[in-house]
Amino acid sequence: MLRVKVWRGNAAGGRLADYAVPARANQTVLDVVTHIQREVDPTLAYRFACRVGMCGSCAMVVNGRPRWTCRTHVSRVAQDGALELRPLSNLPVIRDLATDMAPFFDKWAKARGSFQPKDSPDGAVPDDFAVVPPASKPRQQADAGIECIGCAVCYSGCDIVAWNPDYLGPAALNRAWTLVNDVRDDARRDRLKAVAGDAGCHACHSTQSCTAHCPKGIDPSGAIAGLKRSLFWPSFKGGMR
């Protein structure tokens, strides 16, 4: 049997509840949570969808580290047959293991994380897609961060968000860097302005927590460093106009 502690409660407070769950071969942490909800306590609130590492909605803090629970095998993380499960850090708790993702995506919007296509010279809809050479440096830099699925694991593990709740966070800044390097996008200047404030890329202390925690192997720290470099040279020319 696995000894499992699960955080139960809401934004006002809560406690760790104890459960015993049968140990099985190839068991994931999400399997454990699902067993508790279906077989032991149907009131347990949590979130999941795809179960194959595509949506990121099952992310939780497992034994002190934010992870996708659908891709995390119990055998890799259990400590002497024990698990402790908590909701993602740095986000409001709705109930139990389910968090409110609105602040995370609000910061994505503040970082101008939406693609803004360039208009053709005559204002007409282009007949074909823009051709971006795969070997070009901007394309490679954009490709490095484009696989982010917005799971908020990096956000939960970010020390700076914990210290400064206004900080845009690694996922939003990674998205901004991806679009800054997209030659098809027409909002580069506005996007750089959006990430240049006190809560933007310069607030990052480069602790590398986001890169260490990313389940996709993305390097948000490198993306944030790229934004800092992009903002450095304009500062000698009178700033962003």
Item to check | Inter-residue atom distance Lys5.NZ - Arg15.CZ, 0.5 Å rounding | outcome: 10.5 Å
Checklist entry - In Å and rounded to the nearest 0.5 Å, what is the CG to CG distance from Asn63 to Leu83? => result 5.5 Å
Checklist entry - Side chain of Gln27, backbone of Arg24: donor and acceptor closer than 3.5 Å? => result yes
Checklist entry - In terms of the angle between their ring planes, are Phe48 and Tyr46 parallel, tilted or perpendicular, with boundaries placed at 30° and 60°? => result parallel
Checklist entry - Per the side chain to side chain donor-acceptor pair (under 3.5 Å) rule, which among Arg47, Gln37, Arg8 passes with Asp96? => result Arg8
Item to check | Test item: Thr211 side-chain N/O and Asp219 main-chain N/O as donor-acceptor pair under 3.5 Å | outcome: no
Item to check | Chi angles and distances behind the side chain to side chain contact (heavy atoms under 4.5 Å, CB included) call for Leu85, Val61 | outcome: CA-CA 6 Å; Leu85 308 178; Val61 176; over 6 Å; no
Next on the checklist: Using a 3.5 Å distance criterion without hydrogens, assess whether the side chain of Arg95 forms a donor-acceptor pair with backbone atoms of Thr43.
Outcome noted: yes
Checklist entry - For the residue pair Trp163 and His205, does the interplanar ring angle fall in the parallel (under 30°), tilted (30 to 60°) or perpendicular (over 60°) class? => result tilted
Next on the checklist: Between Asp143 and Arg139, does any NZ, NE, NH1 or NH2 come within less than 4.0 Å of an OD or OE carboxylate oxygen?
Outcome noted: yes
Item to check | SG-CD1 distance between Cys210 and Ile224, expressed to the nearest 0.5 angstrom | outcome: 5.0 Å
Item to check | Nearest-0.5 Å distance, CG of residue Leu16 to CH2 of residue Trp7 | outcome: 9.0 Å
Checklist outcome for this item: Interatomic distance, SG@Cys201 vs CG@Leu231, rounded to 0.5 Å, equals 5.0 Å
Next on the checklist: Whether the side chain of Asn90 engages the backbone of Tyr155 through a donor-acceptor N/O pair (distance < 3.5 Å, no angle test) should be reported.
Outcome noted: yes
Item to check | Reference residue Arg51; test side chain to side chain donor-acceptor pair (under 3.5 Å); the match among Thr28, Thr69, Asp31 | outcome: Asp31
Item to check | Shortest non-hydrogen contact between Ser230 and Leu192, atoms and distance | outcome: CB-CD2, 4.0 Å
Item to check | Asp198 CG: over 12 foreign heavy atoms closer than 6.0 Å | outcome: no
Next on the checklist: Does Lys228 have more than 12 heavy atoms from other residues, nucleotides or ligands lying within 6.0 Å of its NZ?
Outcome noted: yes
Item to check | Residues Val21, Met1; criterion side chain to side chain contact (heavy atoms under 4.5 Å, CB included); working and verdict | outcome: CA-CA 6 Å; Val21 176; Met1 301 293 286; 5.7 Å; no
Next on the checklist: With a 3.5 Å distance limit and no angle check, can you tell me whether Ser156 reaches the backbone of Ala152 through a side-chain donor-acceptor pair?
Outcome noted: no
Next on the checklist: When you group the ILVMFWY residues by side-chain heavy-atom contacts below 4.5 Å and let the links chain together, are Val132 and Leu179 in the same group?
Outcome noted: no
Checklist entry - Is there side-chain contact between Met54 and Ile149, with at least one heavy-atom pair below 4.5 Å? => result no
Checklist outcome for this item: Smallest heavy-atom separation, Ser57 atom then Ala49 atom, equals OG-N, 3.3 Å
Item to check | Ile218 side, atom CD1; Thr178 side, atom OG1 - distance, nearest 0.5 Å | outcome: 7.5 Å
Checklist entry - Would you say Lys118's side chain and Val183's backbone share a donor-acceptor pair under 3.5 angstrom? => result yes
Item to check | Asp185 side-chain N/O to Gln116 backbone N/O, donor-acceptor pair under 3.5 Å | outcome: yes
Item to check | Sub-4.5 Å side-chain heavy-atom contact between Val93 and Asp100 | outcome: no
Checklist entry - Looking only at heavy atoms, what is the nearest atom pair of Leu88 and Pro66, with distance? => result CD2-CB, 4.2 Å
Checklist entry - Is there a path from Met60 to Trp68 through hydrophobic residues (I, L, V, M, F, W, Y) whose side chains come within less than 4.5 Å of each other? => result no
Checklist entry - With side chains defined as the heavy atoms from C-beta onward, is the minimum distance between Pro103 and Pro92 less than 4.5 Å? => result yes
Checklist entry - In terms of hydrophobic clusters joined by side-chain contacts under 4.5 Å, are Tyr19 and Val77 together? => result yes
Checklist entry - Donor-acceptor pair, Arg67 side chain versus Pro215 backbone, under 3.5 Å? => result no
Checklist entry - Are Leu97 and Val40 linked, directly or through other ILVMFWY residues, by side chains that come within less than 4.5 angstrom of each other? => result yes
Next on the checklist: Between Asp186 and Arg191, is the salt bridge (charged side-chain N to carboxylate O under 4.0 Å, His left out) condition met? List the steps.
Outcome noted: CA-CA 10 Å; Asp186 198 34; Arg191 190 168 291 111; over 6 Å; no
Next on the checklist: In this structure, would Leu2 and Val62 fall into the same cluster of hydrophobic residues linked by side-chain contacts under 4.5 Å?
Outcome noted: yes
Item to check | Where Gly200 and Tyr167 come nearest, the two heavy atoms and their spacing | outcome: O-CE1, 3.3 Å
Checklist entry - Any side-chain heavy atom of Met101 within less than 4.5 Å of one from Leu91? => result yes
Checklist outcome for this item: Heavy-atom nearest pair, Ile94 first then Thr99, reads CD1-O, 3.6 Å
Checklist entry - For the residue pair Ala171 and Cys148, what are the closest heavy atoms and their distance? => result CB-SG, 4.5 Å
Checklist entry - Would you say the side-chain atoms of Arg112 pair up with the backbone N or O of Ala194, donor to acceptor, closer than 3.5 Å? => result no
